[in-house]
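In what follows, every heavy atom counts, from backbone to side chain, and hydrogens, waters and symmetry copies are set aside. Sequence positions, counted from 1, serve as the residue numbers for this chain.
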Amino acid sequence: MGGHGLACGIFGMSAIWAMGIRDFNYDAHGCGKDKRKAGVDFNQRDLSINQFFAGTVSGEWHNNHHLYPAGVRSGFLWWQLDTAYILIRIVKLFGGISSSRDFKERFLEEYYRPYRRSVVPPTLPEIAKE
């Protein structure tokens with residue numbers, strides 16, 4: 001088992017994998033254009049975007065990942081399914097991971113809540129409090 005056929009198979013799949021990663025990274029940065037959407041992409045330091053398909057399938061909410069690259073989670077909003085985070089939580093439940101950093105609450109406090117306050121007009125009870 002092995003030989004030239006195995007070597008060609010391994011190197012061929014490595015090349016396909018590398019091209020796929022490059023293609024994803026190019027798409028995840030808006031193909032060089034500013035495709036960021038207000039209320040979805042909060043990182044303004046680069047052109048990275050959150051893509052629904054990649055985020056849902058692999059948990060790669062790329063714009064969120066650029067905000068907190070050391071975090072265990074990148075799906076911060078209720079509709080951002082983070083399958084990688086779910087897997088990590090399962091492994092942690094069984095003792096395979098001892099510690100992790102989750103920045104969801106920090107994201108909500110620093111980015112999402114201020115955005116919502118600036119977009120959504122205050123309701124009558126909130127005006128009465130003032």
Transitive ILVMFWY side-chain link Ile97 to Ile90, under 4.5 Å
no
Just so I know, are the side chains of Gln44 and Arg36 near enough to count as touching, which here means a heavy-atom distance under 4.5 Å?
yes
Assigning hydrophobic clusters by single linkage (Ile, Leu, Val, Met, Phe, Trp, Tyr; side-chain heavy-atom cutoff under 4.5 Å), is Tyr111 placed with Trp61?
yes
Could you pull out the closest heavy-atom pair between Ser58 and Ala84, with the gap in Å?
O-CB, 3.7 Å
Salt bridge (charged side-chain N to carboxylate O under 4.0 Å, His left out) with Arg106: which residues, sequence neighbours excluded?
Glu110
Inter-residue atom distance Tyr112.OH - Phe76.CZ, 0.5 Å rounding
13.5 Å
Not counting sequence neighbours, list each pair that qualifies as a salt bridge (charged side-chain N to carboxylate O under 4.0 Å, His left out) and has a residue in residues 47-67.
none
Co-membership, hydrophobic cluster, residues Leu81 and Val40, 4.5 Å side-chain:
no
Contact list for residues 87-105, test salt bridge (charged side-chain N to carboxylate O under 4.0 Å, His left out), sequence neighbours left out
Arg73-Asp102, Glu105-Arg113
Which pair of heavy atoms, one from Pro114 and one from Leu108, lies closest together, and at what distance?
CD-O, 3.9 Å
Using a 4.5 Å cut-off between side-chain heavy atoms of Ile, Leu, Val, Met, Phe, Trp and Tyr, which other residues end up in the same hydrophobic cluster as Val57?
Phe53
Would you give the length of the straight line joining atom CG of Asn43 to atom OG of Ser48, rounded to the nearest 0.5 angstrom?
4.5 Å
When you measure from the side chain of Asp82 to the backbone N and O of Ser74, does any donor-acceptor pair fall under 3.5 Å?
yes
Evaluate the side chain to side chain contact (heavy atoms under 4.5 Å, CB included) criterion for residues Lys37 and Ile49: first the C-alpha distance (whole Å), next the side-chain angles of each, then the deciding distance (0.1 Å), finally the verdict.
CA-CA 8 Å; Lys37 296 177 187 166; Ile49 57 174; over 6 Å; no
Among all residues two or more places apart in sequence or in another chain, which pass the ring-ring contact (aromatic ring centres under 6.0 Å, His included) test with Tyr85?
none
Please set out all donor-acceptor pairs under 3.5 angstrom arising from side-chain atoms of residues 5-26, sequence neighbours excluded.
residue	atom	partner	partner atom	Å
Ser14	OG	Ile10	O	2.9
Asn25	OD1	His29	ND1	3.3
Tyr26	OH	Cys31	O	3.3

When you look at Gln51 and His62, which way does the side chain to side chain contact (heavy atoms under 4.5 Å, CB included) test go after all the steps?
CA-CA 7 Å; Gln51 299 171 297; His62 206 64; 5.6 Å; no
Using ring-ring contact (aromatic ring centres under 6.0 Å, His included) as the criterion, list what pairs up with Tyr115, not counting sequence neighbours.
Phe42
Residue pairs fulfilling salt bridge (charged side-chain N to carboxylate O under 4.0 Å, His left out) with at least one residue in residues 47-59, sequence neighbours excluded:
none
Sequence neighbours excluded, which residues qualify as salt bridge (charged side-chain N to carboxylate O under 4.0 Å, His left out) partners of Asp46?
none
With sequence neighbours excluded, tell me which residues meet side chain to side chain donor-acceptor pair (under 3.5 Å) with Asn64.
Asn50, Gln80
Apply side chain to side chain contact (heavy atoms under 4.5 Å, CB included) to the pair Phe103 and Leu67, showing each step before the final yes or no.
CA-CA 9 Å; Phe103 295 102; Leu67 282 173; over 6 Å; no
Joint cluster assignment, Trp79 & Ile86, ILVMFWY side-chain distance < 4.5 Å:
no
